[in-house]
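Inspection log for the structure reproduced underneath, given as structure tokens.
Proteins get letters first, then strands, A, B, ... in listed order; numbering begins at 1 in each.
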Amino acid sequence: MKLDEAAHEAARELRSSVRATPPAFEDLAARRHRNRVTRLSVAVVLVAIAIVVPAMMIRGGDSRPSVSTSSAEDGSPVAQLNVVGEPTLGFDRSEYTIPRPGLVEVTFSGTDGLTLTFEEFPDFVLGPTPNEPLVGTLELAPGTYHLTSAIPGHTDAGFRSTVTVGSGRSACFDDPGPNTASDGTTFGPVTAPDSGSAVDTSALPDFIPVACPRADGIGGYVRRDDLFPRGFMAESVDVYSTDGTTIVGHLIQGKGFVALDEDPADIPNVTTTTAIATSAPAATATRQWIIPIGAPDDVDPPSTSGNGASPPPRLTSPVEGGPVATRLAELVAPILPGATLGRASDAQLNGETLTGSVQFAYPDGSTLTASVSRYDEPIRLRWIVHSDDPGANSALSRLQTGTEIVALDRSLTRSVIIVRASGISLTLQTATNFSAGLDQPRASTIALEDLTQLAQALDTSALDDVMDP
Amino acid sequence: MDARLDSVSTSTPESGLGGPFGDFYRREYGRMVAFSLALTGDARVAEDLAQDAFIAAHRRWDEIGSYEQPAAWVRRVIVNRSRSWLRRARVEGRALVRLRSRDRVEAPVSDDTRRFWDVVRALPRRQAECVILRYLEDLDIAEIAELLDCAEATVRVHLHRGRTALATRLSLEDDE
């Protein structure tokens, strides 16, 4: 059978599978909302609040479409407020904070039989809690709202909390600096350890600020435990507001902080990468923090099946001396004087050869790995620098703490991010911005000229024929 | 291309919104859901995305309605939101699983058709989008390029790679 023929038949059948009669538009909002929560078996009420004079409108109970005053024009929530009802008739936080007004997705979970409502919006009720979290959506203007229970007696028993919605217009806000919440949770930047020493993760604050890549201030905080000891292996890390529980965005590879109501696909990749070492390995060992290549949107989504969840792409089957690695070695070797070519191999992603990497060793024990990958986007390069000698280069040692980062950008096809470290290894990757916890400016004091030349000397277009069969 | 949609839906008492937007909504709804379905593979999500897009269009209808092809605007919204959905499903999958544990709602299509679109969705995102826009939406290269905000040459490359991969994975003859 021919491809075009099969495609047109599949298109025809897919079109015919969709009902031709649309739902009444006036009920779309309510219907859409019901679709979203039917499987949760929850009662959901949507309230729209005018900025000046709060007026409530319950979706489904009002035939009009909702009136949004949110800055999120596309209807995406600006925050996910996660509230937990405790068996002691209390909420898990005495105060929840949302940096800016807009649509807020409220998730209520916890002890069975509890309810959540707002004193200001008594018709908005989540609960009684079943075994699954309940989700509702509210549009909140700046101000303070009071969370409580719809069950008589619970409020008097202390089942109350507040939700403070800031008046910020952007997703980012001024960094409040190091602080400690009433429950002892600590917020603040990572403090660089002494040169050459390991970072003590246990001494890090519980929440680490995430720089706003496109504005001043911070976008929120990432949980220390979400970053370490995994480093930045995760494609995306939740970013919380100052309460440490309300999700306001994500730290996404290639994008940096992305607010919840932003579409990463609409955000250009940023050009700098920073990462921080967590521990110094044994002198003879190196530890790699491999950031998955490419931003999430650029990684081929594997086939979906079952519940629709997609497994992450997998690099498999190293092919020693594969064509990509061989070509890369030919390109890199001349611009790395003094280095000895080590392992060169290709790798497959979901069965297709798409990456190659070569490793070079220096007399001082350091190694440099250059790898190249191509998914469906221009070639991306990453560099991994290893050093088994923490004292060999003080500058590298400083980099280990994340205090000095060299970052270069040579367009998407040649962008190179350079971070060097001693005693550890860091992935160097294009178009990534992980600046969590790094409150210092990016320095460029480490052999920048050499590295610049190296970056410029490598013509990735010479890889086209092997990378793009 | 948009004219073809006249045969998909007709005005009914259930969808009695009047005016140009009402006509547009009734004419395009089914097709946009199908488009969204091809992108996501989940019938419920497809309706959600399409409805969101129409709500967004309604809010800005004064502007959108003046476009030569308002359907193109809705398609673009759907593409963007499908990316967000896919990202959320993949990147935030653990959170969704934790909070919602939802299952995919299959469209009532044959196994062959389901497999075809599953394989399309397994392509790199942009390849999949190009293939869907080409075969399901019947857009030409220039229209796809405009909708995806990329060069026509890029679309050609994506389509070529997508076709090649589809032909291989589905054991079909690619006569391109």
Side-chain angles (χ1 to χ4, degrees), chain A residues 1-4 6-11 13-15 17-26 28-29 31-32 35-36 39-40 65 68 73-76 107 109 132-133 135 235-236 238 247 250 252 263-266 296-310 312 375-376, chain B residues 8-9 12 14-17 22 25-26 29-31 33-34 37-38 41-42 44 47-48 51-52 54-56 58 80 83-84 86-87 89-93 97 99-100 102-104 107-110 113 116-119 121-122 124-127 135-136 158 163 166-167 170 172-175:
Chain A
M1 191 174 188
K2 292 187 176 180
L3 175 62
D4 283 348
H8 289 306
E9 173 59 23
E13 190 179 349
L14 190 71
R15 289 191 204 108
S17 73
V18 176
R19 63 175 178 170
T21 304
F25 183 78
E26 291 82 351
L28 267 194
R31 185 186 299 269
R32 179 169 60 89
N35 285 345
R36 201 164 56 189
R39 299 180 70 81
L40 298 173
S68 172
E73 293 182 358
D74 64 356
S76 300
T107 299
S109 60
E132 293 181 284
V135 180
E235 286 184 331
S236 170
D238 291 340
I247 297 174
H250 297 90
I252 295 177
D263 185 347
D266 295 335
D297 285 338
D298 296 333
V299 177
D300 299 356
S303 174
T304 58
S305 60
N307 62 2
S310 302
Y375 293 95
D376 196 35
Chain B
V8 174
S9 60
T12 69
E14 191 182 350
S15 51
L17 190 69
Y25 169 64
R26 284 184 290 275
Y29 182 81
R31 185 142 197 163
V33 173
L37 179 58
D42 187 312
R44 184 182 56 246
E47 285 213 49
D48 279 352
Q51 291 175 4
D52 278 347
F54 277 107
I55 289 173
H58 183 258
N80 288 337
R83 291 173 182 173
S84 295
L86 289 169
R87 176 180 66 85
R90 189 169 69 242
V91 178
E92 305 164 21
V97 168
L99 292 175
R100 301 176 181 175
R102 60 191 302 170
D103 295 321
R104 181 167 74 158
V109 294
S110 67
T113 292
F116 180 87
W117 294 113
D118 280 348
V119 172
R121 281 188 294 277
R125 174 175 55 78
R126 293 198 185 199
Q127 287 182 24
Y135 287 111
L136 186 67
H158 287 320
R163 287 177 57 94
L166 280 178
L170 292 168
L172 296 170
E173 181 183 346
D174 186 1
D175 53 358

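- Going from atom CZ of B/Phe116 over to atom CD of A/Glu13 covers 11.5 Å, rounded to the nearest 0.5 Å.
- Taking both residues in full, the closest heavy atoms of A/Ala6 and B/Leu172 are given as CB-CD1, 3.7 Å, listed atom of the first, atom of the second, then distance.
- Closest heavy-atom contact between A/Leu14 and B/Ala34: CD2-O, 3.5 Å.
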Next on the checklist: Checking A/Ser17 against B/Leu37 for the side-chain contact (heavy atoms from CB on, under 4.5 Å) test, could you report, in this order, the C-alpha distance in whole Å, the side-chain angles of both residues, the deciding distance, and whether it holds?
Outcome noted: CA-CA 10 Å; A/Ser17 73; B/Leu37 179 58; 4.0 Å; yes
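- The two atoms that bring B/Tyr135 and A/Arg15 nearest to each other are O-NH2, 3.5 Å, heavy atoms only.
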